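So that the names make sense, note that chain A is the first sequence line, chain B the second, and so on, each numbered from 1. Side chains included, hydrogens not; waters and symmetry mates left out as well; all remaining heavy atoms used. Just so it is clear, the structure is predicted and the values come from calculations on it, not from any experiment.
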Amino acid sequence: MKLVKAIIKPFKLEEVKEALSEIGVEGMTVTEVKGFGRQKGHTEIYRGSEYTVDFLPKVMVDVAVAEEIVGKTVEAIKSAAKTGKIGDGKIFVIPIEEAIRIRTDETGEGAI
Amino acid sequence: MKLVKAIIKPFKLEEVKEALSEIGVEGMTVTEVKGFGRQKGHTEIYRGSEYTVDFLPKVMVDVAVAEEIVGKTVEAIKSAAKTGKIGDGKIFVIPIEEAIRIRTDETGEGAI
Amino acid sequence: MKLVKAIIKPFKLEEVKEALSEIGVEGMTVTEVKGFGRQKGHTEIYRGSEYTVDFLPKVMVDVAVAEEIVGKTVEAIKSAAKTGKIGDGKIFVIPIEEAIRIRTDETGEGAI
Amino acid sequence: MWALVPALMSLLATSSAFGQEATYETFMEGAGSAFFTVSNLWLLIAAGLVFIMHLGFATLESGLTQSKNTVNILFKNVFIICMGTLTYALYGFNSMYPGDFNGFFAFGSPIPNSFSGADVVANMTADYADYTYWTDFIFQAMFAATAATIVSGAVAERIKLGSFMIAATLLVMFIYPITGSWEWGGGWLSEPFADFAGSSLVHAFGGFAAFAAVLVLGPRHGKYQAGGKIKPILGHSMPLATIGVFLLFLGWFGFNGGSVLNADPALVSLVFVTTAIAACAGGLSSILISWTVIKKPDLSMALNGILAGLVGITAGADSMGPWAAAAVGAIAGVLVVFAILFFDKIKVDDPVGAISVHGVCGMWGTIAVGIFGGGSLLWQIIGTVSISAFAFVSSLIIFLVVKAIFGLRVSLEEEVEGLDIGEHGQEAYPDFQVASKS
Amino acid sequence: MWALVPALMSLLATSSAFGQEATYETFMEGAGSAFFTVSNLWLLIAAGLVFIMHLGFATLESGLTQSKNTVNILFKNVFIICMGTLTYALYGFNSMYPGDFNGFFAFGSPIPNSFSGADVVANMTADYADYTYWTDFIFQAMFAATAATIVSGAVAERIKLGSFMIAATLLVMFIYPITGSWEWGGGWLSEPFADFAGSSLVHAFGGFAAFAAVLVLGPRHGKYQAGGKIKPILGHSMPLATIGVFLLFLGWFGFNGGSVLNADPALVSLVFVTTAIAACAGGLSSILISWTVIKKPDLSMALNGILAGLVGITAGADSMGPWAAAAVGAIAGVLVVFAILFFDKIKVDDPVGAISVHGVCGMWGTIAVGIFGGGSLLWQIIGTVSISAFAFVSSLIIFLVVKAIFGLRVSLEEEVEGLDIGEHGQEAYPDFQVASKS
Amino acid sequence: MWALVPALMSLLATSSAFGQEATYETFMEGAGSAFFTVSNLWLLIAAGLVFIMHLGFATLESGLTQSKNTVNILFKNVFIICMGTLTYALYGFNSMYPGDFNGFFAFGSPIPNSFSGADVVANMTADYADYTYWTDFIFQAMFAATAATIVSGAVAERIKLGSFMIAATLLVMFIYPITGSWEWGGGWLSEPFADFAGSSLVHAFGGFAAFAAVLVLGPRHGKYQAGGKIKPILGHSMPLATIGVFLLFLGWFGFNGGSVLNADPALVSLVFVTTAIAACAGGLSSILISWTVIKKPDLSMALNGILAGLVGITAGADSMGPWAAAAVGAIAGVLVVFAILFFDKIKVDDPVGAISVHGVCGMWGTIAVGIFGGGSLLWQIIGTVSISAFAFVSSLIIFLVVKAIFGLRVSLEEEVEGLDIGEHGQEAYPDFQVASKS
Ligand SMILES: Nc1ncnc2c1ncn2[C@@H]1O[C@H](COP(=O)(O)OP(=O)(O)O)[C@@H](O)[C@H]1O
Ligand SMILES: Nc1ncnc2c1ncn2[C@@H]1O[C@H](COP(=O)(O)OP(=O)(O)O)[C@@H](O)[C@H]1O
Ligand SMILES: Nc1ncnc2c1ncn2[C@@H]1O[C@H](COP(=O)(O)OP(=O)(O)O)[C@@H](O)[C@H]1O
């Protein structure tokens, strides 16, 4: 199993969720995060002083999936989240050694 | 070492924390997240339009533990977080290659 | 590639960000979290009842880096985040099997 | 006397007796009309000030409770002002001011839609009072719903919306006018008992009704834990709570100042001074006590202290000087801190401290008139105990009956999830990440 | 008659004719001055109450929109009150109250900087009205900006700041005084049409101007989705919205009560009663209807219901009794619920419900005077339709012209990101984690 | 003359001389009592309006500072109003209005608890003024605490709570009445210097006291960085800040309007107009300037501009016409923007801009009376400089002494963590995820 961790633009969340549903992914966990990268933040002003907000709001989607659909998952996220403009975000694939569903004690791929 | 990543119902956090303390886990990191899964969100209403809130508030607990207590840790979380109803959440076990305590430069299992 | 996951004190974020920039890390993702550990929370009071706030505000920094700069990255975070006082936080190194930049479809180390 | 005769055409459009019109005009041209006009205006403005207390209660109560129940609390407060005003027009006003009656209870009836003929003079001139019938109604109507609002805070975060709405309506429509008639309606308590603006009739009434409701309802889930540990359930916004207390302080100038029932310069100004001084003394003494006892300067206690001072001075704002008022307020500020700690100890869970602020300090304020205000101590005690006891028992019955028929508490699951989603399907702050609901 | 002669020195410091000073003094010593003084004071206080409605609008509108646009909404409201008061001084007041004119349109001119000689008496005593010229100006000025504020809410979350500021200025400075002059300025509608405090002249005017603006502007991105699905875009703070409605309710006592234009006890007190009763009836009927139709007790509908009742009674607050007012308010509370649902169905995107509350209920209130208030039904319809149509057409032209020259909408990207960053480079809540901007 | 004699029984209950009672009654029945009654009522209502300014300050200051210090700011504001009112009763009022004195300084004494015999007439009728002694006290008391409130904002987010409470008490109790007595108490500045409602006596006083306090205290950690870079520390809630400014604007109608000290129609209405116009002109000119200079329409600057206009017109609201007021306000709106930028440049860290708004614009407003209001320019300058300098020096001494004895600043760690946890052990928004504390 893998944990597919995608950092995307917030307004793409709905589309990513739908793309994942379509390929049969039934669960995911979403975190509001702040991203720092090539996309530069904007300048804000407060009582006359300018300052740069480096961190941009992003959304992190964590999806645990079975080995065989990792490719499809990455693909689904990628095409749903892409705008082609800087700051679209990243996907990281991380190994999961075990997964457990708390409610049923199921483990392994059945749990996710 | 492993990172035990548990996504649980928010009101179970206190019990999970206590269960972990009991088996000697001394640290953890908690994040507010939004979960999407088999448990369906509820319908809300705003000025006459109904809409479904898909994402439910969940809490993600990250605990780094030594190899030999991974089983106990998972067990502790599982029994503390279980209500038996849908939406109880998941536990994922992820490998950690190195751990460092910033304050002391300790590394490895001593650091966690 | 590795995911370097650092849990630090919030007011050290700026310095950590700069330390990472200096060694050439160009991106990172930051999450507000609550930490539980050796550093004990403080006592608060509400209408006459005392209670302990166990969870302290922390910031989690996720940085994906190429194998060869993992050491430098950990070092940079460590020295920037250290105050020497309890609660400085932890760094965990986690394997990443694949990384994708959504905008360009680049994969591997070029993506991060 | 008055050069300019106000156009009454429109008011009297539906009235048949055109010949009578002259009489209101005659009165307005006469000597007494200046004081009448000023007094009437003052009572209307005072009604506006009392109105804003409802916003004060709404913000105070929502500030001192959790964000997952905010829509529910706001909704209850919006409902209460609407329901309170209408039921008072329909029944309460004439039940509370019945004219000649047995001194204990009178049936109510709707206010009229208009006056005609001689009734205009009887109701719109100094023949009626220093203000018109309409002014009388609106000023009293703004007070009426307060009792329900006080209860609203104490039962927050766990009561079924529908059940609360029924119970609150019964309380405001039928019970509040009864005790009201005892004193202000000329009933058995009207002499020598003295409760100027309602330390007992409004506040102790509300506080003890709340007490009964909380006993029937039980504490919030998780508040009182095994081993006697108390888990504080924090209010979600101190700015909202502070806005609430300042608005209540402001409104109290109308609550007390308007209760003079005319614009008499000496008395209204004295009331403003005693009201403000008691409030400030209550705030300071609460700060002092909480700093000493709890070891931290507690904002929620300071806020409650101000309210305690205001509730305390309500009975005697017209009958004592500023330094006596300071004493009354300061004692109220101490009482409220210990009362809150006490009710928590005996596991009476009152999220906003309504029982302590309104119940305990309402009693204290009434009794204080027997100490500092020249009233009969015995009668003050008889009065406040009678009113509080009647409120307590009536409320107990109402809440028990409503509980038996409709149920009172939301399910544990809904309580944990929050009443905003459970009862309303709405969130108060959908854009913000709200912390773990526990 | 008056023993104490107020010191007028400073006021008249710049006036040349010292001999005239005696005349104002003479008037103030005379019989009529008591009613004049009270009435003048009441109108000034009423002006203060109307002023606070602008805070009500600011908080209501920002509460009912997303947190990423909060700075923008607050800024617009701050701008509107500043701009509205100054342009009214510069042009509007004298255009709206032109004295003798053709009945349809008059040019405006700045208010004077001071009066001297005989002008003092003509403008500062009962020769002018039951209040002074300055009182007249400030009371009317506080009303003036309301029309723009109503539009502000309807076009929120997508309009360019600069373009809005220009359109709002044109509307408030030049168009609002025109319809105003028709009725209040003694123009062609002044008889027998009756619009006491402005259900049509202020509210329907604002509502229909907003309607035109929204048609030109289009709905917010994502609101109306493929397949007819409506995606609700949630307001970010129900406490702010509730504060807004309570402040508006309070301010309405000044809005309607001050429109009596003197302190006549009978009429002002009747107006307070009808205003409060209609508001409460509107709130209750909206609660009832939304609970029945939408199946949940909806706070936002309850709040809109109160406003609907207030807008509804504005035209006839002086010409009907409390129970007629209750009927007017209750019907308004039903109307507003269906109007909001209706406008959403026809894809007119109005984030705060301004068109329904002010436009629809403004019309209803004006017509209701022909039913309950003894007015001519035909003339009431003619009046409200003329005013609404004129507002609609003028606003349509203004917004189309501004669109053609400057553009009206922010870019889609800015709309998604929020206007706070886009237009102001500022955030409303920088300390809080705000949910995914969508 | 007056038909209805108000019941004075209760007031006089403690008075021995029953025979004197008739005299107040006689006065109230006499001719002069109508104007007296109206004027007295107006001053009481004005006192209520000034009271609400304290809520305005509380919300403005907490809105413009970080969420980790919100409980602390609210607490200070609650404390200030309580302490200010009580110390003014205890000492300040009689020190500020000492009757005959040397013109520079007088000791104070407590206000009495009641009046009896001839004193009733002397203090409760036109023998005293156009209002009663109690009215005089409460109106002035509401002003008194303002000076401390102004300081409170400037020293926010880093001062020790206890030390602030001591310094503020000394300032309000002993120093404010001294400069107050110079002008309003009949001291050396009372002629020909003109400061109508206190541009200097209240605002410049507060602003310059704040200036001294900030110099002693130093800037917030991290504000001024190496290399001259300024790191803005953002206010956490623009809605709170906006609520604050609207409430202050409203309150200013009482602040200035009440300072007429009676209900004279011509003068009070002029003051309402000049006050509103100056505020709006200040808002607009700040918007314009900040848009031009900073390139963005800055809400915080617009809000400060309104306050600048209000502070500016305070000295001359009674002595100039609306267009002169517009000029005064517009210039204040420009001044405040540059003053804020200037103080930031010289590293005087004032989180809410109090020194610029109250200090700089208070001076400007006083001087403006010498330009537009017919005052002596020389004396205006002498007056405002004397008052500001005295405030600055006194405050410097107080804060230096308090620093030496108790320390002034919280530890760096506490400053970073926030004063809410550090000083109060409480959080303002426990349900919300608050961003990284830096
Ligand atoms: N090395 C990294 N480790 C973790 N997160 C990263 C890293 N680089 C970028 N990110 C995340 O991805 C987001 C987008 O990256 P950015 O460099 O701005 O644009 P792009 O994805 O188009 O290359 C960042 O805001 C950040 O949240
Ligand atoms: N594949 C997944 N990857 C990541 N998180 C998941 C996944 N499936 C479920 N979750 C998380 O677990 C929570 C509970 O899952 P759900 O399917 O609702 O119920 P259950 O845990 O009872 O199967 C979800 O809200 C989500 O946060
Ligand atoms: N085993 C763990 N797993 C995950 N996070 C941990 C663990 N132990 C500590 N942390 C995180 O590190 C933070 C600091 O740890 P703490 O024990 O307080 O101090 P120190 O880092 O000095 O040892 C905690 O607040 C928590 O967020």
Query raised in the report: Could you state the interatomic distance from CD (E32(C)) to OG1 (T31(A)), rounded to the nearest 0.5 Å?
Result: 12.0 Å

Report task. Heavy atoms only: give me the nearest P95(A)-E97(C) pair and the separation to one decimal. Result -> CB-OE2, 3.3 Å

Query raised in the report: Pick from V4(A), I77(A), I86(A), V74(A): which one has the most heavy-atom pairs with chain C under 4.5 Å?
Result: I86(A)

Query - Shortest non-hydrogen separation from K90(A) to R101(C) and the atoms involved - result: NZ-NH2, 3.0 Å

Query raised in the report: What option among A81(A), A6(A), S79(A), G89(A) has the most heavy-atom pairs under 4.5 Å with chain C?
Result: G89(A)

Query raised in the report: Hey, mind stepping through V33(A) and M60(C) against side-chain contact (heavy atoms from CB on, under 4.5 Å) and telling me if it holds?
Result: CA-CA 10 Å; V33(A) 297; M60(C) 185 162 74; over 6 Å; no

Using distance only, find each side-chain donor-acceptor pair of residues 16-23 of chain A under 3.5 Å and give its atom names and separation, not counting sequence neighbours.
| residue | atom | partner | partner atom | Å |
| --- | --- | --- | --- | --- |
| K17(A) | NZ | E14(A) | OE2 | 3.4 |
| K17(A) | NZ | D54(B) | OD2 | 2.2 |
| S21(A) | OG | K17(A) | O | 3.0 |

**Report entry** Heavy-atom pair with the smallest gap, counting every atom of K82(A) and I102(C)
**Finding:** CE-O, 3.0 Å

Query raised in the report: By a 4.5 Å heavy-atom criterion (distance strictly below it), what part of I96(C) contacts chain A: side chain, backbone, both, or neither?
Result: both

**Report entry** pair F36(A)-V30(C): side-chain heavy atoms closer than 4.5 Å
**Finding:** no

Query raised in the report: What part of F92(A) is in contact with chain C, defined as an atom under 4.5 angstrom from a non-hydrogen atom: side chain, backbone, both or neither?
Result: both

Report summary line: One should read off an interatomic distance between R103(C) CZ and R38(A) CZ, to the nearest 0.5 angstrom, of 7.0 Å

Report task. For residues K58(A) and T29(C), determine if any side-chain heavy atom of one lies less than 4.5 Å from a side-chain heavy atom of the other. Result -> no

Requested in this report: Please state whether the side chain, the backbone, both or neither of K2(A) comes within less than 4.5 Å of a heavy atom of chain C.
Outcome: side chain

Requested in this report: Kindly compute the distance separating CG (D105(C)) from CG (D88(A)), expressed to the nearest 0.5 Å.
Outcome: 10.0 Å

